Amino acid sequence: MGAGGKIPALETERLILRPFDLADAPAVEAMAGDREVAAMTLNIPHPYPAGGAARWIGTHAAAAASGEQFTFTVTRKPDGALLGAIGIGVEARHRRAELGYWLGRPYWGRGYMTEAARRVVAFGLADLGLNRIQALCFPRNVASARVMQKAGLRYEGTFREYVRKGDAFEDLAIYALCRSTNDEVRCTSAT
């Protein structure tokens, strides 16, 4: 599988997706620490721990070098503002990956994450040679489900009470596309 073990910079019409650096840590802690952002994700804690972003960013190079995870900042082209994060966790043996992302609340509803997700899906198919890309979300996170659909992923089902978030068991909806069934054609031609 490709990408050479490095996190490349990817571009879209309005965005640059690039590797994180330690200077991004304060913005990550501020945005990911927002209660509403954390509530819609499985792995972002609330309150967000001081120094947690720097530790998280410190794991990215090794994860990319092993080919297991490629994590990108979502930044706006005109001003370089950090809007959020998107990543793809690879299971090389099965040529599949899981897409995950979060976006700072001030940037919700503007199509940024759909644009980023489409680009990362294309990276996974073309550069990493993946056959399947999947993503999961809480069914109550309708906006995330729309991002997945607009990125070409199809709803496959819901895992009931599949994960624990805080003190509650939560359902997870799964969306995916498969190269072998020509889903990627729908993905790359979607507007």
Side-chain angles (χ1 to χ4, degrees), residues 7-48 52-53 56-57 60 69-89 97-127 133-155 165 170-177 183-191:
I7 302 167
L10 306 176
E11 204 169 318
T12 71
E13 183 181 335
R14 300 181 296 164
L15 304 171
I16 294 178
L17 311 177
R18 62 165 174 78
F20 276 90
D21 62 48
L22 288 178
D24 298 320
V28 169
E29 286 188 17
M31 284 188 285
D34 182 306
R35 181 182 303 276
E36 290 187 50
V37 172
M40 292 299 173
T41 66
L42 181 60
N43 296 316
I44 296 178
H46 187 80
Y48 200 90
W56 175 67
I57 291 167
H60 294 177
Q69 177 78 30
F70 297 87
T71 304
F72 303 89
T73 62
V74 178
T75 60
R76 198 167 41 204
K77 270 187 184 178
D79 59 6
L82 194 150
L83 312 179
I86 189 165
I88 190 165
E98 186 170 321
L99 182 69
Y101 47 82
W102 61 266
L103 192 66
R105 192 161 34 124
Y107 309 108
W108 290 1
R110 299 181 186 183
Y112 291 127
M113 195 49 73
T114 296
E115 196 171 319
R118 285 179 176 156
R119 183 62 186 94
V120 172
V121 166
F123 166 75
L125 294 171
D127 297 292
I133 298 175
Q134 63 189 37
L136 299 116
C137 68
F138 299 126
R140 60 185 160 79
N141 192 346
V142 176
S144 187
R146 280 197 309 265
V147 166
M148 294 172 195
Q149 292 165 339
K150 289 178 181 180
L153 284 68
R154 294 185 197 177
Y155 174 73
K165 174 91 173 163
E170 297 258 8
D171 296 350
L172 282 182
I174 185 166
Y175 292 77
L177 69 78
D183 287 346
E184 87 275 8
V185 172
R186 216 165 47 92
C187 167
T188 56
S189 65
T191 56

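Remember, it's a predicted structure, so these values are computed and weren't measured experimentally.
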Pair Glu170 + Lys165, salt bridge at N-O below 4.0 Å | no
Show the nearest heavy-atom pair for residues [X] and [Y], with the distance to one decimal.
{"X": "Ala38", "Y": "His46", "result": "CB-CB, 3.8 Å"}
{"X": "Lys150", "Y": "Thr114", "result": "CB-CG2, 3.5 Å"}
{"X": "Tyr48", "Y": "Gly33", "result": "CB-CA, 3.6 Å"}
{"X": "Ala53", "Y": "Ala25", "result": "CB-O, 3.5 Å"}
{"X": "Leu99", "Y": "Ala117", "result": "CD2-CB, 4.2 Å"}
{"X": "Ala85", "Y": "Phe20", "result": "CB-CZ, 3.6 Å"}

Tell me whether [X] contacts the main-chain N or O of [Y] through its side chain, where contact means a donor paired with an acceptor under 3.5 Å.
{"X": "Glu115", "Y": "Arg14", "result": "yes"}
{"X": "Tyr101", "Y": "Ser144", "result": "yes"}
{"X": "Thr75", "Y": "Ile16", "result": "yes"}

Could you state the interatomic distance from [atom1] ([X]) to [atom2] ([Y]), rounded to the nearest 0.5 Å?
{"X": "Trp102", "Y": "Trp108", "atom1": "CH2", "atom2": "CH2", "answer": "11.5 Å"}
{"X": "Met148", "Y": "Met113", "atom1": "CE", "atom2": "CE", "answer": "10.5 Å"}
{"X": "Ile86", "Y": "Leu10", "atom1": "CD1", "atom2": "CG", "answer": "9.5 Å"}
{"X": "Leu177", "Y": "Gln149", "atom1": "CG", "atom2": "CD", "answer": "12.5 Å"}
{"X": "Leu15", "Y": "Arg118", "atom1": "CG", "atom2": "CZ", "answer": "12.0 Å"}
{"X": "Leu82", "Y": "Arg76", "atom1": "CG", "atom2": "CZ", "answer": "10.5 Å"}

Contact between [X] and [Y] at the side-chain level, heavy atoms closer than 4.5 Å - yes or no?
{"X": "Phe70", "Y": "Pro19", "value": "no"}
{"X": "Phe72", "Y": "Arg119", "value": "no"}
{"X": "Asp24", "Y": "Arg18", "value": "yes"}
{"X": "Val74", "Y": "Leu17", "value": "yes"}
{"X": "Gln134", "Y": "Glu98", "value": "yes"}
{"X": "Leu153", "Y": "Val121", "value": "yes"}
{"X": "Phe138", "Y": "Leu172", "value": "yes"}

Tyr175: what forms a ring pair (Phe, Tyr, Trp, His ring centres under 6.0 Å) with it, not counting sequence neighbours?
-> Tyr155
For Asn43, check side-chain contact (heavy atoms from CB on, under 4.5 Å) against everything at least two apart and list the hits.
-> none
